[in-house]
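Working notes, beginning with the structure itself.
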Amino acid sequence: MSIRHGLLALLEEGPRYGSQLRSDFESRTGATWPLNVGQVYTTLNRLERDGMVVHEGADDAGHTVYTITDRGREELVSWFRTPVDRANPPRDELAIKLAMAVGTPGVDIREVIQAQRHHTLQAMQDYTRLKAQALEQPPAAREEVAWLLVLEQLIFQTEAEARWLDHCEARLVRLSLLPKAPPAGHPAAPAPPASATGGTPAASAPGSRTGTGSPSASPSAPASPRGTSAS
């Protein structure tokens, strides 16, 4: 997440002090990615070092006010015009967890998938409920529109994650029907002899497997990214 560019975008709207930037950032994103004041001031110090913001004195309450510079505006314009790089995606904990679970003895990979699906579907329901609340009245401010866009991105993300979990489970079911490769250095098992009619013996039917429908019970809901609706 580019905090520095988010702060530059807010400063482009007008001078602000640290805690005000934090509050406005969280308001714009619906507190989906909360910041602490330390992060804000650390980022402001780096932006000032790079010549993108400067002090503009203090307000009546003694807060140090920052303003964007021309160099900061150039950086902001470049950020808006440049696509987000997907060549080096960030680490995804769920993908790493499933990749490790596949090869870890004693781990029931289906149980891991079911637990995550439970959580993902509950999160999707929570986000959808927040969206419905936000749309009870048309957005009256830019901040409400911005929050709605973030909320819809979260909904699409959880929908995609649920589909991916279904795909992973189906993939594992298919792979479980394949014979295991012989260990390195060991010859493969000989082919079965041909039958009298010239064919090969029929393969034994694989063992039956249980269904993987979505569970009906729901776990406790995950923390909502925003405590109140945008309406």
Side-chain angles (χ1 to χ4, degrees), residues 1-12 21-22 24-36 38-40 42-47 49-50 52 72 74-105 107-128 130-131 134 143 145-176 178 212 214 219 221-226:
M1 181 179 59
S2 183
I3 297 175
R4 62 188 273 123
H5 293 105
L7 298 186
L8 286 174
L10 292 171
L11 289 173
E12 176 67 2
L21 284 166
R22 173 197 175 190
D24 290 346
F25 184 95
E26 293 185 351
S27 175
R28 189 70 60 85
T29 61
T32 303
W33 302 283
L35 299 178
N36 60 57
Q39 284 178 290
V40 173
T42 297
T43 305
L44 286 172
N45 289 337
R46 291 172 179 168
L47 289 170
R49 177 200 64 193
D50 296 338
M52 298 183 188
E74 292 174 1
E75 174 70 15
L76 183 61
V77 169
S78 175
W79 182 58
F80 281 130
R81 289 179 176 175
T82 304
V84 175
D85 185 14
R86 300 299 185 190
N88 297 300
R91 294 183 182 90
D92 184 277
E93 183 179 357
L94 177 57
I96 295 173
K97 179 186 290 188
L98 292 188
M100 296 301 167
V102 169
T104 302
V107 175
D108 186 341
I109 183 65
R110 290 195 190 181
E111 182 179 339
V112 176
I113 292 175
Q114 287 281 28
Q116 184 64 43
R117 182 187 287 114
H118 227 137
H119 177 82
T120 300
L121 293 177
Q122 182 63 59
M124 189 191 308
Q125 292 172 3
D126 291 340
Y127 297 149
T128 303
L130 287 173
K131 178 182 176 180
E143 289 76 10
V145 175
W147 156 237
L148 186 60
L149 293 177
V150 172
L151 185 57
E152 288 173 333
Q153 191 270 347
L154 294 173
I155 293 173
F156 289 136
Q157 192 175 56
T158 50
E159 288 176 346
E161 183 171 284
R163 291 196 302 271
W164 178 68
L165 288 169
D166 291 341
H167 168 78
C168 288
E169 191 166 45
R171 171 77 70 186
L172 291 169
V173 168
R174 289 196 297 270
L175 291 178
S176 68
L178 299 177
T212 58
S214 299
S224 170
R226 185 174 186 175

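Fair warning: this is a prediction, and the values are worked out from it, not measured in the lab. Heads up: numbering here begins at 1 and tracks the sequence. The figures here come from the full heavy-atom set of this structure, side chains too, leaving out hydrogens, waters and symmetry mates.
- For E152, the side-chain hydrogen bond (donor to acceptor under 3.5 Å, both in side chains) partners two or more places apart in sequence, or in a different chain, are K131.
- Checked by atom type and distance alone, the side chain of E169 never pairs as donor or acceptor with a backbone atom of D166 at under 3.5 Å.
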Requested in this report: Test L98 against W164 for side-chain contact (heavy atoms from CB on, under 4.5 Å), laying out the working first.
Outcome: CA-CA 11 Å; L98 292 188; W164 178 68; 3.5 Å; yes

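- Residues passing the side-chain hydrogen bond (donor to acceptor under 3.5 Å, both in side chains) test with E74: none are found, sequence neighbours excluded.
- Every residue meeting the side-chain contact (heavy atoms from CB on, under 4.5 Å) condition with Q157, not counting sequence neighbours, appears here in chain and number order: Q153, L154.
- With values rounded to the nearest 0.5 angstrom, L165 atom CG is found 5.5 Å from T120 atom OG1.
- In terms of heavy atoms, F25 sits closest to G6 at CE1-CA, 4.2 Å.
- When atom types are taken as modelled, the side chain of D50 and the backbone of M52 share no donor-acceptor pair closer than 3.5 angstrom.
- Listed by chain and number, the residues in a side-chain hydrogen bond (donor to acceptor under 3.5 Å, both in side chains) with T158 amount to none (sequence neighbours excluded).
- Residues meeting the side-chain hydrogen bond (donor to acceptor under 3.5 Å, both in side chains) test with R28, sequence neighbours left out: E13.
- Scanning all heavy atoms of the two residues, the minimum distance from T29 to V150 falls at O-CG1, 3.8 Å.
- With sequence neighbours left out, the ring-ring contact (aromatic ring centres under 6.0 Å, His included) criterion links W79 to H5.
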